[in-house]
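In what follows, residues are counted from 1 in the order of the sequence shown. All values reported here derive from a predicted model rather than from experimental measurement.
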Amino acid sequence: MLLFDTTPLPRADRAEAFRAAMQEASAACRVEHREEPAAVQARMQLFPYGRAALLATDATRFRMVRTPRHVARDDAPVVCLAFQHRGRGEFAQLGHEQLVRDGDLMLVDVTAPYGFGCATGGGSRALLVPLDQLGLPVDVVRRATPRLRASPLHDLVRAHLQRIADDAAELSADPGAAALGAATVELVRALVVSAAGDPRHGPAVREDTLVTRVRAHVARHLSDPDLTPAAVARAHGVSVRQLYKAFAGAGASLEQEVITQRLEAARNRLCSPAGRQRSITAVAHACGFADASHFARRFRGAYGMSPREWQRTAGGR
């Protein structure tokens with residue numbers, strides 16, 4: 001959903017309009033522009049994922065400051081996990097200062113004052129999560145803020161957020177968007193607990209989010225033909241028995257999860273411009289299927305047509 005775009009506005013009105021849109025979209029704050037008012041450009045979009053939402057902001061150079069007075073005006077505590085899509089950010093909160101580059105995550109407790117600026121101009125992508133949905137005390141969030149990079153989950157969560165941001169228009173409109181949002185919040189919760197090093201919540205979160213973490217792991221390793229239960233279990237520090245038990249508790253099957261994700265990846269590849277030029281065997285191998293005939297049978301069983309028929313149908317759209 002498009003929240004704001006300076007393009008159709010008179011140049012003299014753009015800076016003030018951006019300040020108002022920023023407060024409406026995220027939280028009460030003061031916005032300071034580092035450009036002349038007439039040079040301000042900005043575009044903001046909000047994509048709902050159930051109770052969580054992804055805020056995409058692209059703008060010329062600015063800085064936002066959230067003071068104790070701003071905090072007192074808000075009655076809906078929110079946690080924000082963000083990354084820079086373009087440019088470099090500068091974040092400061094409760095004594096922690098951070099340069100936010102392309103590969104970094106930034107965790108913001110919106111219930112406390114903070115400052116964020118982008119001196120180069122660029123874009124940020126921020127997942128907004130109600131604190132009650134995250135299910136963690138605010139002190140755990142604050143301990144995690146300066147330590148995100150120390151968590152082994154950092155890069156996994158960063159890659160996941162990149163994916164739901166890149167495909168936000170399609171994914172947020174899908175019937176499964178709320179479920180995807182809930183799973184994403186579980187990953188964020190696991191990252192926060194891991195970074196905070198909180199023994200009160202660690203074991204419970206690791207157990208609660210095992211299936212979610214495995215699903216994200218599977219998505220990142222679909223092309224690996226050796227994506228076996230034993231390999232997945234090793235990657236997550238559990239036994240194969242624990243892995244199967246966790247999936248059974250979620251009413252799911254690990255093997256079916258792998259097959260479903262591989263088939264969906266293959267279906268998307270086959271209808272892409274590049275995929276329509278590739279052979280069925282090449283697409284099958286790229287998605288982790290060692291045998292093209294087995295792939296074709298599973299594809300027909302899932303979608304009611306052969307991979308070739310789907311490729312031709314997609315090409316004729």
Side-chain angles (χ1 to χ4, degrees), residues 47-54 81 83 105 125 127 129 133-136 151-168 170-195 201-269 286-289 295 298-299 302-303:
F47 302 96
Y49 284 97
R51 291 186 63 202
L54 184 86
L81 187 65
F83 66 91
L105 288 172
R125 303 294 182 262
L127 184 74
V129 182
Q133 185 183 15
L134 190 64
L136 294 172
S151 169
L153 300 179
H154 178 281
D155 291 351
L156 183 152
V157 177
R158 173 66 176 79
H160 178 76
L161 290 185
Q162 182 76 60
R163 177 67 183 274
I164 69 168
D166 288 348
D167 300 328
E170 178 184 0
L171 294 176
S172 64
D174 190 87
L180 176 58
T184 301
V185 171
E186 286 188 37
L187 284 176
V188 173
R189 183 169 173 248
L191 171 64
V192 171
V193 169
S194 172
H201 299 90
V205 169
R206 285 195 296 273
E207 183 176 344
D208 291 347
T209 62
L210 177 58
V211 171
T212 300
R213 288 185 287 119
V214 167
R215 284 173 170 155
H217 177 87
V218 167
R220 295 178 65 193
H221 295 84
L222 285 179
S223 62
D224 184 357
D226 296 320
L227 189 63
T228 63
V232 173
R234 280 196 305 273
H236 291 83
V238 298
S239 68
V240 173
R241 183 173 177 276
Q242 286 175 289
L243 193 59
Y244 280 132
K245 182 179 178 181
F247 269 83
S253 157
L254 176 60
E255 286 84 356
Q256 188 59 48
E257 180 70 30
V258 173
I259 287 293
T260 298
Q261 287 204 35
R262 282 177 167 165
L263 287 172
E264 187 63 24
R267 186 170 73 153
N268 291 336
R269 282 178 181 247
C287 295
F289 290 95
F295 163 65
R298 297 303 296 256
F299 193 97
Y303 304 119

May I ask you to test the [X]-[Y] pair for a side-chain heavy-atom distance under 4.5 Å?
X: L191; Y: L156; answer: no
X: E264; Y: C287; answer: no
X: Y49; Y: S172; answer: yes
X: I259; Y: F289; answer: yes

Less than 4.0 angstrom from a charged side-chain N to a carboxylate O is my criterion; do R189 and E186 meet it? no
Should we count CZ of R158 as having more than 12 external heavy atoms under 6.0 Å? yes
Does atom CD of Q256 have more than 12 heavy-atom neighbours, drawn from other residues, nucleotides or ligands, at distances under 6.0 Å? yes
Under the criterion side chain to side chain contact (heavy atoms under 4.5 Å, CB included), I'd like the reasoning laid out for L263 against Y303: C-alpha separation, chi angles, the key distance, then a yes or no. CA-CA 9 Å; L263 287 172; Y303 304 119; 3.7 Å; yes
[X] side chain vs [Y] backbone, donor-acceptor pair below 3.5 Å:
X: Q162; Y: F83; result: no
X: H154; Y: L105; result: yes
X: Q242; Y: S239; result: yes

Full working for side chain to side chain contact (heavy atoms under 4.5 Å, CB included) between Q261 and R215: CA-CA 9 Å; Q261 287 204 35; R215 284 173 170 155; 4.1 Å; yes
Test side chain to side chain contact (heavy atoms under 4.5 Å, CB included) on L81 and V129; report intermediate values, then the result. CA-CA 8 Å; L81 187 65; V129 182; over 6 Å; no
Can you tell me how far the [atom1] atom of [X] sits from the [atom2] atom of [Y], to the nearest 0.5 Å?
X: D167; Y: D174; atom1: CG; atom2: CG; result: 11.0 Å
X: T184; Y: R163; atom1: OG1; atom2: CZ; result: 11.5 Å
X: R125; Y: F47; atom1: CZ; atom2: CZ; result: 8.0 Å
X: L153; Y: H160; atom1: CG; atom2: NE2; result: 12.5 Å

If I compare all heavy atoms of [X] with all of [Y], which pair ends up nearest, and what's the gap?
X: L171; Y: I164; result: CD1-CA, 3.8 Å
X: L222; Y: R262; result: O-NE, 3.0 Å
X: P152; Y: S194; result: CD-OG, 3.7 Å

